[in-house]
Amino acid sequence: MNHQCKILFLRAMSISKTYQPKQAEDKWYSYWMENGFFRSVPDEREPYTIVIPPPNVTGVLHMGHMLNNTIQDVLIRRARMKGKNACWVPGTDHASIATEAKVVAMLKEKGINKKDLSREEFLEYAFEWKNKYGGIILDQLKKLGASCDWERTRFTMDPDLSEAVIDTFIHLYKKGWIYRGIRMVNWDPQGKTAVSDEEVIRKEVNQKLYYIKYQVSSIKYQDLNAGDANQSNDLILDTNYLTIATTRPETIMADAAICINPNDERYTHLHGKKVLIPLIGREIPVILDEYVTMDFGTGCLKVTPAHDLNDYELGIKHNLPVIDILNDDGTLNEKATILVGEDRFAARKKIAVLLEEAGSLEKVEEYKSQVGYSERTNAVIEPKLSMQWFCKMDEMAGPALDYVLKGDIKLIPEKFTNTYRHWMENVKDWCISRQLWWGQQIPAWYLPNGQHVVAKTVEEALEEANKLQATGSKLQASDLRQDEDVVDTWFSSWLWPISVFDGFKDPNNEEISYYYPTNDLVTAPEILFFWVARMIMAGHEFRGEIPFKNVYLTGIVRDKLGRKMSKSLGNSPDPLDLIEKYGADGVRVGMLLSSPAGNDLMFDEGHCKQGSAFANKIWNAFNLIKGWEVDERLTNPNAVTIQWFNSRFNQALVDIEEQFKQYRLSEALMSTYKLVWDDFCAWYLEMVKPTYQAGVEKQQIDKETYEATIAFFQNILKVLHPFTPFITEELWHDELFGERTAKDCCIVALLPAIGEIDARLIAEIEVVKTVVSEVRNVRNAKQLSPKDKLPLAIKANSGIDHKHYFAILTKLGNLEEVTFTNDKIAGAASFLVGTDEFYIALEQNIDVDAEKIRLSEELVYLQGFLKSIESKLGNERFMQNAKPEIVNNELKKKADAETKITIIKESLSALSA
RNA sequence: GGGAGUUUAGCUCAGCUGGUUCAGAGCAUCUGCCUUACAAGCAGAGGGUCACUGGUUCGAACCCAGUAACUCCCACCA
């Protein structure tokens, strides 16, 4: 039967030859849900809690989510299997700017303009949209196998979470930590809102640097004469204008001054002068400030306080007027006097032409500079002055920093601690107002006289407001106007670990007392400050406690070229397609295979392929065992093998436990992978599997081996489960493992306890494995079929009792017999493992000359090696300084090398005889 | 401009207190195999100036200094 036919034939049989993930995934996910295995309620067990970093409610699953949530699921499943009360709280973030932008776009398609709607009408549309499309991402997470307690699903705009936002706003306002002020903010003209510094992404772009001439206006003929008499006429004419360099010529109409460095000798004649803005002819002063860099550009700086942060500060210092020529949407307003209504970028192009025509444009240069873009809308950020709400950070930053520095909160990997500290020590106040409707409206009310009060309800606000009214008529609710703005999304997400357990309204409730502080937070380093730092602040401020103990920072998922995977680049595979192709288990393994904490992950689909191959390997190991049947008459020939695997398994458990403790998840997976593939499949199963018995449907095996193997396999399923939950659950329920009750599932099984490890046995089996490999090498070298049985003779020089392992050697080496010998066997193929000599007598004698060369080479190597050890041991300083165990080790190496040299010399002389 | 990090096999990465024959793993590659669980497999093999230059040390991939390249974060140079 050829290979293709065999596949077709076997597919038709009841047990599939390959693992088919799809069916198992749907089946077991719903089974877990139906049986409430993800559900967590407080009980007497130790809690283990993770709150999900809530994805944007508008989001769709991308590779970053896949990585992040695979890690969380592995952690939560492992905790569950350690008998802890594992609680993974899912949810979504209302993501004010991003969502509002999507809703506005949706309305636009319907022909509705946001401007024409009332706030209430808009929010109705927005909620309708959210209910329809929001949270798709959570369903996608289910495909990955995420074992969240879905009954706990929260949304950052749920009524109680919103209430917590309002309460904390009021709390901080009363403390004086929230204030209102005019500041230069980052304005997103597309979203028409302020965004925080953290939401501005700076990119280097090619720009043009325009050199523009400003006519000096107050220059008088007398002034020219009063100057240096030696100056030529030409030079004096040159001083009739000065030149500035700018990347933003459309803002010249907002200029308030020209600034030069007082030490700049080129421009001393300009001190105290005034100049005219080209095109509009408005007169502005020349001011002096050392802020200006003399060797950059022309040394003359246009000062535009309304549209540049530095200029704004210069403006305050020099008491300059602020002329804001931009509308909220980035078009020019009437204060610009020209190009009114034009978009800023269109205006830039047009004004360049106008300047050129007016003869005011000296030249244009190509120039690279940093431009800020909105993270949410990708619009170019406009520095803009506006009245905003701010939250003071300095007092909250201190304790939040201490938690991390003292180690109460561990950042994994630790390198992020430095970055964290740097940020916390240089923290700036947080602009928390956003000019949007989607979010929690700021609980501030304005009085007709411009004063404001902060209160939870309009009634309370009215009461407060009337207190402010010294005398006279009482205000009515209708006299108050609530602030139109909402708070920054992060002002709700920083409360997440507390608010999901209702820790604000009911700070001593059973849930929060039980689950908080949570254990691990798994998130991206990009939001270490946005979110993680602020959660720590909120934890301290509102509960006097840390919100989580460990923060596992994942890397960014990149493609093979090192580019960040993103929808806009189109370089990201659709995660659901991957799951379809490789199975959820395969993709999970693929994500984890190469993702140490904090390092970016170079995603390669090949890893998923490796993952699905692994699942298939497990499946086939199962198939092998499934084909066995106990014959009570048989005795157990595999006692040593069973003992060995038991030890090896326990040793692997120790390794895996340690790797998890250090959050080295990919290493823990790799240890598990090798345990299954190499130790269990390649060695253990090969050692114990019955030699093929023709003519029987099932292969007969002794009871002890059968039972031990099934027990091992079941334990392996447990260890595998956090990584590959679906296939393990599928196999777990096979009748091979006996009767299962409805609740007896792998997902809630307890991980095997670590048992005894026989280190000597493990070491000796390693020798046996090497011997088997050497025998195979001899076969390979001599082109012998694996079916030919060979005789092996051992000249034992070490302490290993090879007799224990004869059965294993015979089986895996396909030997006809194993014997001991006291003498070298002339003409036989030979090899050395440790200090023991092995001989395989072949029909054809070996090539004596080739063997001599091989042995001589090895001899030379060993002699060199011995020499280096001897020189080490002969070095007085080594003997004095090195630790005793190191010295002992060297002595042992020396003895071994000497023994081997003796053996090889004997072999050589035997060959020559 | 400031700070942090990275550099080990073709790729992705380990190498934890400087000391095993220490230069490793997985993948990929090459060779031979459809050998009664698995070709998504099996048996083997090759592959390295540990970025570079110095230093410390009996001993350095590991510690120190410098250099180079890359990455990230922060920062207002028009």
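To find a chain, count down the sequence lines: A is the first, B the second, and so on, and within it residues start at 1. Note that the structure is predicted; figures quoted are calculated from it, not measured.
As judged by a 4.0 angstrom heavy-atom cut-off over every strand, A:Asn875 is placed among residues touching the sugar-phosphate backbone only. Using a 4.0 Å heavy-atom cutoff across all strands shown, A:Arg779 reaches no nucleic acid atom at all. In this structure, A:Val292 reaches the bases: a heavy-atom distance under 4.0 Å links it to at least one base atom across the strands shown. Using a 4.0 Å heavy-atom cutoff across all strands shown, A:Thr246 reaches sugar-phosphate atoms only and no base atom. Among the protein residues, A:Leu862 comes within range of the nucleic acid bases, having at least one heavy atom under 4.0 Å from a base atom.
Minimum heavy-atom separation, A:Leu67 to A:Thr554: CD2-CB, 4.0 Å. Across all their heavy atoms, A:Met253 and A:Glu250 have their closest contact at CE-O, 3.4 Å.
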Identify every side-chain donor-acceptor pair in residues 859-872 of chain A under 3.5 Å, counting partners at least two apart or on other chains, and give the distances.
unit_1, atom_1, unit_2, atom_2, d
A:Ser868, OG, A:Phe865, O, 2.9
A:Ser871, OG, A:Ser868, O, 3.0

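Under the 4.0 Å criterion applied to side-chain N and carboxylate O atoms, A:Lys900 and A:Glu858 are not assigned as salt-bridge partners. Salt-bridge check for A:Arg776 with A:Glu774: failed, with every basic side-chain N at 4.0 Å or more from each acidic carboxylate O.
Computed from coordinates, the A:Met879 CE to B:G59 C1' distance equals 14 Å when rounded to whole Å.
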Open item on the list: I need a per-nucleotide contact map over nucleotides 41-47 of chain B, read 5' to 3'. Cutoff is protein heavy atoms under 4.0 Å; write B for the base, S for backbone only, - otherwise.
Closed with: SSSSS--
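For RNA chain B, runs of at least 3 consecutive pairs of the Watson-Crick or G-U wobble type, with both hydrogen-bonding distances under 3.5 angstrom, map to B:1-7 with B:68-74, B:10-13 with B:24-27, B:29-33 with B:41-45, B:51-55 with B:63-67.
Comparing A:Ala245 and A:Ala621, the nucleotide of RNA chain B nearest to each residue sits closer to the 5' end for A:Ala621. Comparing A:Ala897 and A:Gln659 along RNA chain B, the residue whose closest nucleotide (by nearest heavy atom) sits nearer the 5' end is A:Gln659.
Neither OP1 nor OP2 of B:A4 sits under 4.0 Å from any side-chain N or O of A:Tyr420. The side chain of A:Arg877 places no N or O atom within less than 4.0 Å of a non-bridging phosphate oxygen (OP1 or OP2) of B:G19.
Near RNA chain B, defined here as any heavy-atom distance below 4.0 Å, the residues from residues 686-700 of chain A are A:Glu686, A:Lys689, A:Tyr692, listed numerically.
Put simply, the side chain of A:Tyr291 and the base of B:C77 share no donor and acceptor less than 3.5 Å apart.
Partners of A:Glu686 under the salt bridge (Lys or Arg N to Asp or Glu O under 4.0 Å) rule, at least two apart in sequence or in another chain, are A:Lys689. For A:Lys894, the salt bridge (Lys or Arg N to Asp or Glu O under 4.0 Å) test picks out A:Glu898, with sequence neighbours left out.
The aromatic ring centroids of A:Phe416 and A:Tyr420 lie 6.0 Å or more from each other.
A donor-acceptor contact shorter than 3.5 Å is absent between the side chain of A:Thr705 and the backbone of A:Ile701.
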